[in-house]
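All values reported here derive from a predicted model rather than from experimental measurement.
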There are 2 protein chains.
Amino acid sequence: MPTRGEPRVTTSPPPRGDLFDPNCPTRHLLDRIGDKWTAMAIKVLAQAHPDEVRFADLRRRIPGISSKMLSQTLQALVADGLLTRRVEATVPPAVWYGATPLGLSLDQPLAILRNWAESHMAEIDTHRRTSQAT
Amino acid sequence: MPTRGEPRVTTSPPPRGDLFDPNCPTRHLLDRIGDKWTAMAIKVLAQAHPDEVRFADLRRRIPGISSKMLSQTLQALVADGLLTRRVEATVPPAVWYGATPLGLSLDQPLAILRNWAESHMAEIDTHRRTSQAT
DNA sequence: CTGTATCCTCCAAGATACTG
DNA sequence: CAGTATCTTGGAGGATACAG
């Protein structure tokens, strides 16, 4: 996730295709979607699909996230076209978020990663404990 | 991406299976492997497999990484059993890193994510530009 | 060559308070 | 309810220097 960005980006034209170029846009994109909160938001909303979920509800379903971070994360995902945002002009207002097809499509790669983590967690744990002996 | 961790972890027993529990070990694991440098190191070494790669060579193949970060990243991956580390007692010494089967297995989920990013980058870019109009 | 040690900067994100 | 504004800080990570 998130992680600190590259120090300086001097050249301008995005040289697509080379993941190892610090200016590579794919790299930035990966940093973004690798973000913890992003991954969780996508998961919740993809699994809720086709239902939408309200802000406060999302907050409840993503334990530990602050209002600020949730807001930021959602804004970025909406801007990227991964989520929709629908405002109900009631009083008090209600805002519903939902996954777009693009957002749904991201959930699959993320799910594969989650599964990998779950499958191999025990193995990794064992290895750490085993090899940490002096 | 690493990303900053959860603020405090008070309870002890790891409640496996609930990705949304802040103490969930899977969540921590995901944070680690989502790290930018980790993803790149795995990619390089998985693609070099079955060849091993030396420290300085890795450094060259991961533009922008510092000696410090590379060292840290590799240490963590070796501790997790994703990489092997082999020291040649020459002068000056040579250290070879290679992917273990576990490391190789991680490259597949990561490759899927990379592919997703590459496939949908254009779409996301377009959406950002389109929707950023006031 | 392969790292470790040290210092230092900077910003992600938590806490808190407040608004439409 | 759904956020934004402001302040603060921990610690990731770059720079640099050095060691085995």
Side-chain angles (χ1 to χ4, degrees), chain A residues 1-10 22 27-28 31-41 44-45 52-79 83-98, chain B residues 1-10 22 27-28 31-41 44-45 52-79 83-98:
Chain A
M1 326 213 81
T3 306
R4 309 290 289 292
E6 289 309 301
R8 55 204 80 271
V9 177
T10 29
R27 185 157 148 176
H28 294 320
D31 274 2
R32 300 253 314 280
I33 63 186
D35 173 61
K36 175 174 57 178
W37 299 131
T38 294
M40 296 183 86
V44 169
L45 286 168
E52 294 174 312
V53 183
R54 295 184 58 175
F55 187 88
D57 215 353
L58 279 170
R59 194 138 143 61
R60 258 169 257 127
R61 298 207 215 175
I62 306 180
I65 197 171
S66 65
S67 195
K68 177 181 157 190
M69 285 314 296
L70 181 56
S71 180
Q72 276 182 20
T73 303
L74 294 175
Q75 274 177 23
L77 291 173
V78 169
L83 299 183
T84 57
R85 179 178 188 273
R86 186 171 58 81
V87 180
E88 254 176 25
T90 54
V91 176
V95 182
W96 300 84
Y97 291 88
Chain B
M1 295 177 28
T3 312
R4 309 292 288 291
E6 289 307 301
R8 55 207 76 270
V9 177
T10 28
R27 185 157 150 178
H28 293 320
D31 274 0
R32 299 256 313 281
I33 63 186
D35 171 60
K36 175 174 55 177
W37 300 132
T38 294
M40 297 183 85
V44 170
L45 287 167
E52 294 173 311
V53 183
R54 293 185 58 174
F55 188 88
D57 215 355
L58 280 169
R59 196 138 142 59
R60 257 170 259 127
R61 298 208 214 174
I62 306 180
I65 196 169
S66 64
S67 196
K68 176 180 157 190
M69 286 315 295
L70 180 55
S71 180
Q72 275 181 23
T73 304
L74 294 175
Q75 274 177 23
L77 291 173
V78 169
L83 299 183
T84 56
R85 180 178 187 272
R86 185 171 59 80
V87 181
E88 253 177 25
T90 54
V91 177
V95 182
W96 299 85
Y97 290 89

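In this structure, R54(A) has no side-chain hydrogen bond (donor to acceptor under 3.5 Å, both in side chains) partners at least two apart in sequence or on a different chain. The salt bridge (Lys or Arg N to Asp or Glu O under 4.0 Å) check on R85(A) picks up nothing, with sequence neighbours excluded.
In this structure, of dA2(D), dG14(D), dA13(C), it is dG14(D) that holds the atom nearest to the side chain of W37(B).
Atoms CD1 (I62(A)) and C1' (dG14(C)) sit 17 Å apart, rounded to a whole Å. Atom NZ in K36(B) sits roughly 12 Å away from atom P in dA12(C) (whole-Å rounding). What separates CG of L58(A) from P of dC1(D) is a distance of 13 Å, to the nearest Å. Going from atom CZ of R59(B) over to atom P of dG3(C) covers 12 Å, rounded to whole Å. Atom CG in L70(A) sits roughly 13 Å away from atom C1' in dA13(C) (whole-Å rounding). One can place CZ of R60(A) at 10 Å from C1' of dC1(D), the figure rounded to the nearest angstrom. Between the P atom of dA12(C) and the CG atom of D31(A) lies a distance of 12 Å, rounded to the nearest Å. Between the CE atom of M69(B) and the P atom of dT4(C) there is a distance of 13 Å, given to the nearest Å.
Between T38(B) and R32(B), the shortest heavy-atom distance links the atoms OG1-O, 3.5 Å. For the pair Y97(B) and L45(B), the tightest heavy-atom approach, listed with the atom from each and the gap, is O-CD2, 3.4 Å.
In this structure, CG on L83(A) lies 15.0 Å from CH2 on W96(A), to the nearest 0.5 angstrom.
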Check nucleotides 4-6 of chain D against the protein and report each pair of N or O atoms closer than 3.5 Å, with its distance, or say if there are none.
from: dT4(D); atom 1: OP1; to: Q75(A); atom 2: NE2; distance (Å): 2.8
from: dT4(D); atom 1: OP2; to: S71(A); atom 2: OG; distance (Å): 2.6
from: dT4(D); atom 1: OP2; to: Q75(A); atom 2: NE2; distance (Å): 3.3

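Between Y97(A) and dG3(D) there is a side-chain polar atom (N or O) within less than 4.0 angstrom of OP1 or OP2. The shortest distance between the side-chain N/O atoms of S66(A) and the OP1/OP2 oxygens of dG14(C) is below 4.0 Å. Applying the 4.0 Å criterion to OP1 and OP2 of dT2(C), one finds that R54(B) has a side-chain N or O inside that range.
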Side chains of residues 63-73 of chain A: which donor-acceptor pairs under 3.5 Å do they make with residues two or more places apart or in other chains?
from: S66(A); atom 1: OG; to: M69(A); atom 2: N; distance (Å): 3.1
from: T73(A); atom 1: OG1; to: M69(A); atom 2: O; distance (Å): 2.7

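Listed by first and then second residue, the salt bridge (charged side-chain N to carboxylate O under 4.0 Å, His left out) pairs that reach into residues 87-96 of chain B are R86(B)-E88(B), sequence neighbours excluded.
Listed by residue number, the members of residues 83-93 of chain A with any heavy atom below 4.0 angstrom from DNA chain C are P93(A).
Panel note: side chain T84(B), backbone G98(B); a donor-acceptor pair is recorded below 3.5 Å.
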